[in-house]
Every structure is written in structure tokens, then in C-alpha cells.
Participant: 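Take a look at the following structure, please.
These values consider heavy atoms only, across backbone and side chains, with no hydrogens, waters or symmetry-generated copies. In what follows, residues are counted from 1 in the order of the sequence shown.
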Amino acid sequence: MLPTSNVTEFIFLGFSSKQEVQRVFFVVFLLMYTAVVLGNSLIVLTIKCSNSLGSPMYFFLSHLSFVEICYSSTTSPKLIVDLLVKKKTISLEGCITQLFFMHFFGGIEIFLLTVMAYDRCVAICKPLHYMTIMNKQMCGLLLGVSWMGGFLHSIAQILLMFRLPFCGPNVIDHYFCDLLPLLELACTDTYFIGQLIVVNGGSLSLISFGVLLTSYAVILVHLRGHSKEGRQKALSTCASHITVVVLFFGPCIFIYMRPSTTLSIDKMVAVFYTVITPLLNPVIYSLRNAEVKNAMRKLWVRTLKKNEK
């Protein structure tokens, strides 16, 4: 329980108060969340069961897909259930728990995307030493750093929230518990804490995005002396990753790199990084990657043969 708080629950306004609109949103988000879970689970299963997808790139991709499922699951199930009820409530403890896991898995995703950019940079710029540099120990270390980085990022955000008293009102103009809407409900001056949140969350997104852009700049410079076919082949392996990076980091930077105020568009922007990016991840990585598509096809054939027996 947060100290000196007499608020025991929060009420979400969601997207609309009209029942007809909520029913439409229920169907849309239910289908989207189902696609997130099934699509990313298929990528994890395909990579785990395919011997041809044993490179570090696919090792990180499988973990990214797993994190996408967990990340979307922190908000989507609650959103879907709330679309069927008139009063959308969450306890104070549930709100803080949701906030922790959202930033935990979101932080892991930020670090994983950065690690994947480094992996592509090594693969293209130092192809002969790639497997030596990105050995199992290094991959395990980078994965561990990503999880630890996400944990430290989330703990820092939660500690800031534990300093805030909530005395009422308790209505959140959002569909999940997030930092900026909660700051507006705190019955104390939140300017300094708001700046710390920008330093923690916003700067993490911006710095990581800068590292990603630098990695791809290094790749482009390295490819200048290669043939046109070589450049196209190398860049095609990065295109999927760049697409996911832009879709995820753009909304995050928009939300967490500005002063501690909420806008009416924030809810729609949040849909991008909580639902749409996890939804597009399996589509982007499978449709643009021949190796993944072939592995999925082989897995499907093996499954059918087993069922026939």
C-alpha cells in the first residue's frame, strides 16, 4: 500500500462510455490480442524446433517474441474484460503491479532491440568473426543484461510512485495504469518526480534509439564498398528490425520524453506499443524472412505427418 494514501482503487475511463462502441472495441482487441499470442508463440516454437534457425539473430528473436507476449499481456486482458463492464476498476495494488510489469517487459524489449542491432552490426561488419564474437556465452550475457536492465528500469519507476500519496479523485483517463496519468492524481507537487521519470523512461528510450541509429549508420558506411547485390542482401536482414524499432520507439519517445502532462491522444498512441507492435512483430519477421517462412512450412508439414500417424 502506498503511504498516506486513502485511495484503494482507480477507475479507468477507457476509450468510450457507449456500450455499442465498447462491444466493437471488445471484438477488435480480442482478435488482436489472440493474434499477438498465437503469432509470437509460433515464432518461438518455430525457432526452438528448427535446426536451421540456430544463429544468434534467431536466439534473440525468439526471446523478443516471448517478451512481446508478456508485455501485451500486462494490459490487453484487463482492457478486453473492462470493455464488457460498465465500471472499469483496478485496485491500488493491482495498478502498481500492472505498472511494474509493463515497464519491466517494456524495458527488456528496449534492451533486446538494442542488442539485436548490435548483433546485425557484427554480422555485417565482421562476418568472419561473427560466430566467435557472438558465441553462446556472449548471447547469454547480453540476454541477462537485457532482463536486468528491464528490472532496474521498472524498479526505479515503482520507487518513484511509492513516494506519492493519492487522496482522490481516483479516475484515470486511460485504459491501464501508467506513470503520467497517476502523477496527475497525486495530491502533492509532482514536478521533480515527473522530471525523474523523463530522465529514466524517456532518456532510456531516446538513448537506446540513438544507439540503434548509430549501429545502422555504421552498417551503411561499411556497405559503401560492397556490390549492389551485397548491399541489398545485408540491408534486407536489417529492414524487419528497423521497422519494429520505429514502431516501438516512436510512440515511447512521444509519451515519455515530454513534460508530465497527459494528452487525449495518449491512449491511441499507447495502443501502438502495447498491442500493434507486438501484433506486427511476427508478421514483419516472418513475411520478410525466407528462412523463418521455410522453417514454419517444415514445422507445419512435420505436424501434419505426426497427426496422420
Participant: Please work out which of the three classes, parallel, tilted or perpendicular, describes the rings of Phe15 and Phe29, given edges at 30° and 60°.
Facilitator: parallel

Participant: ring-ring contact (aromatic ring centres under 6.0 Å, His included) with Phe12: which residues, sequence neighbours excluded?
Facilitator: none

Participant: Ignoring hydrogens and angles, tell me if any N or O in the side chain of Asn135 forms a donor-acceptor pair with the backbone of Thr132 under 3.5 Å.
Facilitator: yes

Participant: Would you give the length of the straight line joining atom CG of Asp119 to atom CG of Leu112, rounded to the nearest 0.5 angstrom?
Facilitator: 11.5 Å

Participant: Test side-chain contact (heavy atoms from CB on, under 4.5 Å) on Asn170 and Ile11; report intermediate values, then the result.
Facilitator: CA-CA 6 Å; Asn170 64 338; Ile11 301 173; 4.2 Å; yes

Participant: Just wondering, do Leu143 and Phe59 contact through their side chains at under 4.5 Å, heavy atoms?
Facilitator: yes

Participant: Spell out, yes or no, whether Ile265 and Phe248 are grouped together once hydrophobic residues are joined by side-chain heavy atoms under 4.5 Å, including indirect joins.
Facilitator: yes

Participant: Does Phe66 have any ring-ring contact (aromatic ring centres under 6.0 Å, His included) partners at least two apart in sequence or in another chain, and if so, which?
Facilitator: none

Participant: For Val28, check side chain to side chain contact (heavy atoms under 4.5 Å, CB included) against everything at least two apart and list the hits.
Facilitator: Val24, Met32

Participant: Testing the 3.5 Å rule here: is there a donor-acceptor pair between the side chains of Tyr175 and Thr274?
Facilitator: yes

Participant: I'd like to know whether NZ of Lys298 has more than 12 heavy-atom contacts from other residues, nucleotides or ligands below 6.0 angstrom.
Facilitator: no

Participant: Considering only heavy atoms from C-beta outward, does the side chain of Leu30 approach that of Thr34 to under 4.5 Å?
Facilitator: yes

Participant: Please round to the nearest 0.5 Å and tell me the distance separating atom CD1 of Ile172 and atom CG of Leu182.
Facilitator: 4.5 Å

Participant: Could you note down all residue pairs passing ring pair (Phe, Tyr, Trp, His ring centres under 6.0 Å) where residues 124-151 supplies at least one of them, sequence neighbours left out?
Facilitator: Phe104-Trp147

Participant: State, to 0.1 Å, how close Val44 and Ser62 come at their nearest heavy-atom pair, and which atoms those are.
Facilitator: CG2-O, 3.4 Å

Participant: May I have the step-by-step check of side-chain contact (heavy atoms from CB on, under 4.5 Å) for Phe26 and Ile80, ending in yes or no?
Facilitator: CA-CA 6 Å; Phe26 170 79; Ile80 293 168; 3.4 Å; yes

Participant: Is there a side-chain contact (heavy atoms from CB on, under 4.5 Å) between Leu185 and Phe10? Walk through the geometry before answering.
Facilitator: CA-CA 10 Å; Leu185 298 181; Phe10 293 103; 3.8 Å; yes

Participant: So how far is it from Leu53 CG to Ser55 OG, rounded to the nearest 0.5 Å?
Facilitator: 7.0 Å

Participant: Should Leu152 and Leu113 be regarded as members of a common hydrophobic cluster, given that ILVMFWY residues are connected when their side-chain heavy atoms come within less than 4.5 Å of each other, either directly or indirectly?
Facilitator: yes

Participant: Identify the heavy atoms of Gln98 and Ile90 that sit nearest to each other, and give their distance.
Facilitator: OE1-CD1, 4.1 Å

Participant: Tell me every residue that passes ring-ring contact (aromatic ring centres under 6.0 Å, His included) with Tyr216, counting only those two or more places apart in sequence or in another chain.
Facilitator: His241

Participant: What heavy-atom pair brings Met116 and Leu64 nearest, and what distance separates the two atoms?
Facilitator: SD-CD2, 3.8 Å

Participant: Say you draw a straight line from CG of Asn294 to OG1 of Thr46; how long is it, rounded to the nearest 0.5 Å?
Facilitator: 11.5 Å

Participant: Hey, quick one: are Val211 and Val218 part of the same hydrophobic cluster, counting side-chain heavy atoms closer than 4.5 Å, chains of contacts allowed?
Facilitator: no

Participant: I need the minimum non-hydrogen distance between Asp82 and Lys88, along with the two atoms involved.
Facilitator: O-CE, 3.4 Å

Participant: Just by distance, do the side chain of Ser72 and the backbone of Glu68 share a donor-acceptor pair under 3.5 Å?
Facilitator: no

Participant: Does atom CE of Met131 have more than 12 heavy-atom neighbours from other groups under 6.0 Å away?
Facilitator: yes

Participant: Working to the nearest 0.5 Å, report the span between CE of Met134 and NZ of Lys126.
Facilitator: 13.5 Å

Participant: Do you reckon Phe111 sits in the same ILVMFWY cluster as Ile155, going by side-chain contacts under 4.5 Å, direct or chained?
Facilitator: yes

Participant: Going through the distances and angles, do Ser65 and Asn281 end up as a side-chain contact (heavy atoms from CB on, under 4.5 Å)?
Facilitator: CA-CA 7 Å; Ser65 296; Asn281 177 41; 3.5 Å; yes

Participant: Any sub-3.5 Å donor-acceptor pair from Asp178's side-chain atoms to Leu180's backbone N or O?
Facilitator: no

Participant: Which atom pair, heavy atoms only, marks the closest approach of Ser41 to Val37?
Facilitator: OG-O, 2.5 Å

Participant: To the closest 0.5 Å, what do you measure between CZ (Phe100) and NE2 (His153)?
Facilitator: 10.5 Å

Participant: For residues 87-118, which residue pairs qualify under disulfide (SG to SG under 2.5 Å), counting only residues two or more places apart or in two chains?
Facilitator: Cys95-Cys177

Participant: Do Tyr191 and Gln195 have side chains that approach each other closer than 4.5 Å (heavy atoms only, starting at C-beta)?
Facilitator: yes

Participant: Check whether any side-chain heavy atom of Leu279 lies under 4.5 Å from a side-chain heavy atom of Val36, and answer yes or no.
Facilitator: yes

Participant: Between Thr114 and Leu212, what is the shortest heavy-atom contact and its length?
Facilitator: CA-CD2, 3.7 Å

Participant: Quick check: is Val21 connected to Val275 through a chain of hydrophobic side chains (ILVMFWY, heavy atoms under 4.5 Å apart)?
Facilitator: yes

